[in-house]
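Notes follow once the structure below has been shown.
What you see below is based on every heavy atom in this structure, not just the backbone, and it leaves out hydrogens, waters and symmetry mates. We name chains A, B, ... by the order of the sequence lines, and we start the count at 1 in each one.
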2 protein chains.
Amino acid sequence: MAKIGIRYTKPRKLVFEALTHFSKPTSVAEINSYLKNRINLTSIYRTLDLLKKSDLVNVILFGEGKKRYELKDKDEHHHHLVCENCGDVKDIEMQETNMLKNVEEQSKFKVLKHNLEFFGLCQDCQ
Amino acid sequence: MAKIGIRYTKPRKLVFEALTHFSKPTSVAEINSYLKNRINLTSIYRTLDLLKKSDLVNVILFGEGKKRYELKDKDEHHHHLVCENCGDVKDIEMQETNMLKNVEEQSKFKVLKHNLEFFGLCQDCQ
DNA sequence: GACATATTGCAAGTCATTTGCAATAATGAG
DNA sequence: CTCATTATTGCAAATGACTTGCAATATGTC
């Protein structure tokens, strides 16, 4: 009879491996060229969708017209510093409960999530 | 002889009018359907690029895979509250100099710009 | 009004992402 | 282990947002 389940397949192993390898917000194109045709592009997209639905990755937007994906493992919630010169991405943690509380009080809006990314120049590029 | 200048043309009037009409972050598709084929889609894109270069509009990303444009007129720098149920967008102003200062101190990174948008439920949809 | 050139419209192209579908492979049953 | 069930993949084609090339057009100037 019908059983349902999620299978541990080659594409899923490989995408996970690629995300671990980069350990920063990574685009589909980067994953694809790292995996060098070992799996199909479409499978990368589908696997990333699955990882997102399973809450194993964060989707990050830097406004480049494409999505970036980051494993949710280590650190909890954090944001990014993106160097506009060298492209380097660093994580930054910040205390934001006050900010969120202020926003909710000021607006009567229930905040469920937010985007916060910083763009500028890293120490080396300044 | 050669004179250089920016011309005040029909497409530019119309795009400005559309942005004024919506007075919230507006997508190219919305502008286009509001203007109902009075100008070409390409011209909308080009006009918005021009307005952006001239620092007359802000480009806003809500992570939908497309850009939104907002006239820079009235308020200065502000962020948005986007209702995930009804799609309504409200502006919110906040004191963020401290946050930026903290980030720069903590990271030695020079912050030039940032994205900050909130998603959740507006008062009516909660 | 005529000219120089900034600007437009159209068609085609690009890039990221999605979808349909037949072929394939992972897992539970026997 | 073998088979059957069905989740999953690969491929090709489609979609959506946006860009580009270029000839046709419109604007501001003299």
Legend entry - Separation of atom NZ in A:K10 from atom P in C:dT27, rounded to whole Å: 15 Å
Inset, instruction - Pull out every residue in residues 32-42 of chain A that has a heavy atom closer than 4.0 Å to any atom of DNA chain C, ordered by number, or say none. - result: A:L41, A:T42
Inset, instruction - Find the distance B:R7:CZ to C:dT8:P and express it as a whole number of Å. - result: 10 Å
Inset, instruction - Could you tell me, to 10°, how much the axis swings from one end of the helix from C:dG1-D:dC30 to C:dG30-D:dC1 to the other, five pairs per end? - result: 30°
Inset, instruction - Check DNA chain D against residues 43-52 of chain B and give the residues with a non-hydrogen atom under 4.0 Å, in numerical order. - result: B:Y45, B:R46
Inset, instruction - Scan residues 55-69 of chain A against DNA chain C and write down, sorted by residue number, each residue with any heavy atom closer than 4.0 Å; if none is found, say none. - result: A:G65, A:K66, A:K67
Inset, instruction - Classify the ring geometry between B:F119 and B:F62 as parallel (under 30°), tilted (30 to 60°) or perpendicular (over 60°). - result: perpendicular
Legend entry - Proximity to DNA chain D (any heavy atom under 4.0 Å), residues of residues 82-89 of chain B only: none
Inset, instruction - List for me each residue that meets salt bridge (charged side-chain N to carboxylate O under 4.0 Å, His left out) alongside B:E84, sequence neighbours excluded, and say none if there are none. - result: A:K113
Legend entry - Residues forming a salt bridge (charged side-chain N to carboxylate O under 4.0 Å, His left out) with A:R12, sequence neighbours excluded: none
Legend entry - Contacts of type salt bridge (charged side-chain N to carboxylate O under 4.0 Å, His left out), residue A:K108, not counting sequence neighbours: none
Inset, instruction - For A:L14 and D:dT9, give me the distance from atom CG to atom P, rounded to whole Å. - result: 10 Å
Inset, instruction - Output all residues satisfying side chain to side chain donor-acceptor pair (under 3.5 Å) with A:T9, sequence neighbours left out; order by chain, then residue number. - result: none
Legend entry - Distance flag, aromatic centroids of B:H114 and A:H79, threshold under 6.0 Å: no
Inset, instruction - Return the set of residues passing side chain to side chain donor-acceptor pair (under 3.5 Å) with A:E70 (not counting sequence neighbours), or none when no residue passes. - result: A:H78, A:H80
Legend entry - Among C:dT8, D:dT6, D:dA26, the nucleotide that comes nearest once only the side chain of B:R12 is considered: C:dT8
Legend entry - salt bridge (charged side-chain N to carboxylate O under 4.0 Å, His left out) involving B:D88 - partner list, sequence neighbours excluded: B:K90
Inset, instruction - Any ring pair (Phe, Tyr, Trp, His ring centres under 6.0 Å) involving residues 31-61 of chain A? Give me the pairs, sequence neighbours left out, ordered by first then second residue. - result: A:H21-A:Y34, A:F22-A:Y34
